[in-house]
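Let me begin by presenting the structure, written as structure tokens, before commenting on it.
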Number of protein chains: 2
Amino acid sequence: MTSDLQAKSKRPARRKPDNRKVLEDGSSRHPAVEPGGVELGDLADMTGYALRRAQIALFEDFRRTVGKIGLRPAQFSVMIVIHRTPGLKQTEVANALGIQRTNFVAMVNELERLGWVERRALDRRSHALHLTKAGQSKLSEALAIERKQEALYDRILGPGERLKLLDMLRRLQVGIETV
Amino acid sequence: MTSDLQAKSKRPARRKPDNRKVLEDGSSRHPAVEPGGVELGDLADMTGYALRRAQIALFEDFRRTVGKIGLRPAQFSVMIVIHRTPGLKQTEVANALGIQRTNFVAMVNELERLGWVERRALDRRSHALHLTKAGQSKLSEALAIERKQEALYDRILGPGERLKLLDMLRRLQVGIETV
DNA sequence: TATTGTTATACTCTATAACTATA
DNA sequence: TATAGTTATAGAGTATAACAATA
């Protein structure tokens, strides 16, 4: 799967035959091929690409499940943080989640409009964020649904594997951010 | 880390003290805390969130490195597929990468404008995509940089772990998409 | 009739600059 | 002077509908 790029490959004109190997050991060595039968080439071995496709799949799964009760992923994450530590300021929540405070304003506006979050004046320039009763019950619903999906991921990956995945993802993220 | 949500927690007013445990075994049990010291709560154990943050970190890394020579992630992926199988039609490449053909038009326009990709008429309604010489050398440069980053990810994760991560990501993606 | 490429459009997410009022 | 919130704005990325030309 290395790329002899500059080698001016005397490649047959178009669409080379499908030589994909089926490995003997039955391990899930990727097919490196998408539905249409088109090969992904070097892309199939790249961490960032695998990460992107998996993340898209999980977000779509979120929208299909938790999304059914009207929560988007970002809103869900905000409500979890506020529930965990009531009274945080907007900037604190935004920073914790990697959201810019300028984009966070509209988000809180919408969550307030939906009646799930409220701003309480801390002093005259900062707001403490809290979940309303409705927000707490909405979050509770969402967490229950999400827990079921995590169970699905557990079954897909096999025993103990999901926790290993979480650990690797965090190590990778932290490792890259601190280089 | 379970959420006693409906339990109407008689939680102390604000900002509970930092009770995070440092595990004895030195394993990388996540801190569940972001830079500002704000806890992520249930979010810290969710696959989708870990995936999202890791993916953002890797894309930023991509922009810092491969991005330096003027390629964005999506352009990179398109050029890899075209290089792997020259002569594919627009729709084929777009499908393989999960891009809608309607959004793919502007992408190919830009890649053509940059002189890296060319459309060749197959018949009078479909175009075969090919890399130009400049496109091949640009891709070659990009692949070399990307390979170095993969080596970094290898070092961060430890021996053999990156391949295990790739395998888990693909199994998770396929598992979710085929439910 | 189905396919291929295309335009137009809209919505979300994200990024930057600049402003206000407060501490 | 620095901070918290805000507005305006622009750019990606992504989604749908509709259309023309062609197979």
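Chain identifiers are assigned alphabetically (A, B, ...) following the order of the sequence lines, protein sequences preceding nucleic acid strands; residue numbering begins at 1 within each chain. Worth knowing before you read on, the calculation uses all heavy atoms, side chains too, and leaves out hydrogens, waters and symmetry mates.
You'll find that the side chain of A:Q90 is closest to D:dG5, out of D:dA12, D:dA17, D:dG5. The side chain of B:R72 sits closest to D:dA12 out of C:dT16, C:dG5, D:dA12. The B:S126 side chain lies nearest to C:dG5 when the options are C:dG5, C:dT22, C:dA15. Comparing C:dT3, C:dG5, D:dA4 against the side chain of B:R125 picks out C:dT3 as the nearest. Closest to the side chain of A:N109, out of D:dG5, D:dT7, C:dT6, is D:dT7. The listed nucleotides are D:dT7, D:dA23, C:dG5; the one nearest the side chain of B:T91 is C:dG5. Distances from the side chain of B:Q100 to the nucleotides C:dT14, C:dG5, D:dA15 place D:dA15 closest. Distances were taken from every side-chain heavy atom of A:K89 (C-beta onward) to each of D:dA15, D:dA4, C:dG5; the shortest belongs to D:dA4.
Atom CD1 of B:I99 is separated from atom P of C:dG5 by 14 Å (rounded to the nearest Å). To the nearest angstrom, P of C:dT6 lies 14 Å from CE of B:M107. One can place CD1 of A:I56 at 6 Å from P of D:dT14, the figure rounded to the nearest angstrom. In this structure, A:R53 atom CZ and D:dT14 atom C1' are separated by 14 Å, rounded to whole Å. Regarding B:N95, its CG atom lies at a distance of 13 Å from the C1' atom of C:dG5, rounded to whole Å. The distance between atom CZ of A:R124 and atom P of D:dT6, rounded to the nearest whole Å, is 15 Å. Atom CD in A:E92 sits about 13 Å away from atom P in D:dT3, given to the nearest Å. The nearest whole Å value for the distance from the CZ atom in B:R52 to the P atom in D:dG13 is 16 Å.
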Exercise. Given the rule in the ring-ring contact (aromatic ring centres under 6.0 Å, His included) test, do A:F76 and B:Y49 qualify, once you have shown the distances and angles that lead to the verdict?
Worked result: CA-CA 10 Å; A:F76 183 53; B:Y49 186 73; 9.7 Å; no
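The closest side-chain donor-acceptor pair between B:E150 and A:T47 falls under 3.5 angstrom.
Under a 3.5 Å cut-off, the side chain of B:K164 and the backbone N or O of A:K164 do not form any donor-acceptor pair. Of the possible polar contacts, one joining the B:R171 side chain to the A:L157 backbone as a donor-acceptor pair under 3.5 Å is found.
If you chain together hydrophobic residues whose side chains sit under 4.5 Å apart, A:L152 and A:L58 fall into the same group.
Both B:N103 and A:H127 lie near DNA chain D, and the one whose nearest nucleotide falls closer to the 5' end is A:H127.
Among the heavy atoms of the strands lying under 4.0 Å from A:R101 is at least one base atom, whether or not backbone atoms are also near. Looking at heavy-atom distances under 4.0 Å, A:R63 makes no contact with the nucleic acid at all.
Looking at B:T102, its side chain comes within 3.5 Å of the base of D:dT16 through a donor and an acceptor atom.
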